[in-house]
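Letters go in sequence order (proteins before strands), and every chain restarts at 1. Computed from heavy atoms alone, side chains included, the values below leave out hydrogens, waters and symmetry copies.
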There are 2 protein chains.
Amino acid sequence: MNQQAIEDYLKTIYLLEQTESPVSTSRIAEARQVRPSSVTNMVKRLYDRDLVHYRKHYGVTLTDEGQVIALEMLRHHRLLELYLTQELGFGWDEVHEEADALEHVISEKLEERIAALLDHPQFDPHGKPIPARDGTMIEVDCQPLTQLAQGDSGIVSRIDDDTNSELLRYLEQLGLMPGTDIQVTKVTPFDGPITAQVNNEQIVVGHKAADNVYIKKQ
Amino acid sequence: MNQQAIEDYLKTIYLLEQTESPVSTSRIAEARQVRPSSVTNMVKRLYDRDLVHYRKHYGVTLTDEGQVIALEMLRHHRLLELYLTQELGFGWDEVHEEADALEHVISEKLEERIAALLDHPQFDPHGKPIPARDGTMIEVDCQPLTQLAQGDSGIVSRIDDDTNSELLRYLEQLGLMPGTDIQVTKVTPFDGPITAQVNNEQIVVGHKAADNVYIKKQ
DNA sequence: TTATAATTTTAGGCATAACTAAATTATTAT
DNA sequence: ATAATAATTTAGTTATGCCTAAAATTATAA
């Protein structure tokens, strides 16, 4: 079993656990784009290594040991994304794949140097929290733009699907990046578009895109 | 056949070809620490992919296509070594392993950004030439310190074995780093130590270490 | 309780990449 | 030229990793 595959599975399980825990094999299969039987096999091997708890027909959760590895990958990934944008001029829509490959390869020493150089940052370019070395992570109370009501205002906190370059480029055009102030001007029913005030401009954004934009209400 | 294994074999073959070409399977086996028969198998697969020329019982050389990949890896490796020392505070004795892992993973885009940020450098921290994107590379006419005679002077050009951290730390202590002026004060027979003037100090360096220090005579 | 859906088991595929031992080929010394 | 030696290749084996389809099992909800 190679380390990269282990790390990818653990990361997937970690992220799925944020929504529902325990995680079913079919959810993992879906996320990893393999068959459920492949997942069952892999999960057994992860279980043999004490990286997950596993009860048949019930689900999977990470052990402490498994979570340490998952968080390490998440830390690597998000630090790298920030590093690439801040220090190497990458766009926030270009960093996901690069970080996905690099996260498995950088040493702890390099991780630490990058973190220090960036002044131990708390968030990646998409507003996602970067786990600290001890596994702790800031939680921001926020909600999708689609759930705000007319008149509500707040600050863009994070973009949910940070793997979708096209979406990111679109949101950037609209100015919907973490830290931006936003006030909802108008909402429309039946998952219709949302109108909002952003950077002193009126913007209109479709429901699907808006669903990825999480706002911290004020 | 995974890409990393291919790249490692091609890099090995490239480096061995600098000394003698064609390269025998046993030389490759020695360099890669595997059995000659394993190399024969691998070489056949490389041949199937047009990455090497291969004649049984005769030897192996890189095809153009193979050389492109080998040089790309060398470029990645050396750029990364320089980047890690210049931008991330790594010592020249700490970068080899990190670069060895990263070289297979960075994208062309990241390579280019790193190169640009470093102002398209020509040499890595050990004085080795960095291949340009088109495969060209500066050649420096230099020779091992052990081959200089008393009174000869020059500039340290490069360190041959850049994988040996201990050696690199030792040479750094002595001030024997690329760019340093050096004048040979005394040589001793039977592979004995060499005395030289470096940074206004007299230093004594053993034959084995000196053999790794290449000098550009003036 | 029985049908349906989800999950697991089984058995095997396919690729990589190493190894050993035996056979073959090339080189060297007589 | 030939025998001895060295280098190389062949053939077969081992081990790993990750996947799949199909069959069997288990959970669940009507």
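- With sequence neighbours excluded, the residues that form a side chain to side chain donor-acceptor pair (under 3.5 Å) with B:Glu112 are B:Arg133.
- Sequence neighbours left out, not one pair with a member in residues 54-64 of chain A passes side chain to side chain donor-acceptor pair (under 3.5 Å).
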Can you name the atoms? Protein N/O to nucleotides 25-30 of chain D N/O, anything below 3.5 Å, with the distance.
none

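- With sequence neighbours excluded, no residue forms a side chain to side chain donor-acceptor pair (under 3.5 Å) with A:Arg113.
- Screening residues 137-149 of chain A for salt bridge (Lys or Arg N to Asp or Glu O under 4.0 Å), with sequence neighbours left out, gives no hits.
- OP1 or OP2 of C:dA15 has not a single side-chain nitrogen or oxygen of B:Arg45 nearer than 4.0 Å.
- Residue pairs that meet the ring-ring contact (aromatic ring centres under 6.0 Å, His included) test with at least one member in residues 19-42 of chain B, sequence neighbours left out, do not exist here.
- Residues A:His96 and A:Asn164 bring no donor and acceptor atom of their side chains to less than 3.5 Å of each other.
- Nucleotide C:dT9 holds its P atom 12 Å from the OH atom of A:Tyr47, rounded to whole Å.
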I'd like a list of close polar pairs between nucleotides 12-14 of chain C and the protein, N/O only, cut-off under 3.5 Å.
none

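- D:dC18 atom P lies 7 Å from atom CD1 of A:Ile6, rounded to whole Å.
- Listed by chain and residue number, A:Asp211 satisfy the side chain to side chain donor-acceptor pair (under 3.5 Å) test with A:Thr146 (two or more places apart in sequence, or in another chain).
- Rounded to an integer number of Å, the gap from CD of A:Gln4 to C1' of D:dT16 is 16 Å.
- Counting only heavy atoms from C-beta outward, the side chains of B:Val60 and B:Leu16 never approach each other to under 4.5 Å.
- Side-chain nitrogen and oxygen atoms of B:Tyr54 include none within less than 4.0 Å of the OP1 or OP2 phosphate oxygen of D:dT8.
- Within the nucleic acid shown, B:Tyr9 comes within 4.0 Å of sugar-phosphate atoms alone, with no base atom in reach, counting heavy atoms only.
- For the segment residues 19-38 of chain A, the set of residues with a heavy atom within less than 4.0 Å of an atom of DNA chain D comprises A:Val34, A:Arg35, A:Ser37, A:Ser38, in numerical order.
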Would you be so kind as to tabulate the donor-acceptor pairs closer than 3.5 Å made by side chains of residues 79-91 of chain B, with sequence neighbours excluded?
unit_1: B:Glu81; atom_1: OE1; unit_2: B:His126; atom_2: ND1; d: 3.1
unit_1: B:Glu81; atom_1: OE2; unit_2: B:His77; atom_2: NE2; d: 2.9
unit_1: B:Tyr83; atom_1: OH; unit_2: A:Tyr83; atom_2: OH; d: 2.5
unit_1: B:Thr85; atom_1: OG1; unit_2: B:Glu81; atom_2: O; d: 3.3
unit_1: B:Thr85; atom_1: OG1; unit_2: B:Leu82; atom_2: O; d: 2.8

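- Shown here are the side chain to side chain donor-acceptor pair (under 3.5 Å) partners of A:Arg169, two or more places apart in sequence or in another chain: A:Asp93.
- Identified under the salt bridge (Lys or Arg N to Asp or Glu O under 4.0 Å) test for residues 155-166 of chain B, with sequence neighbours left out: B:Lys128-B:Asp162, B:Arg158-B:Asp160.
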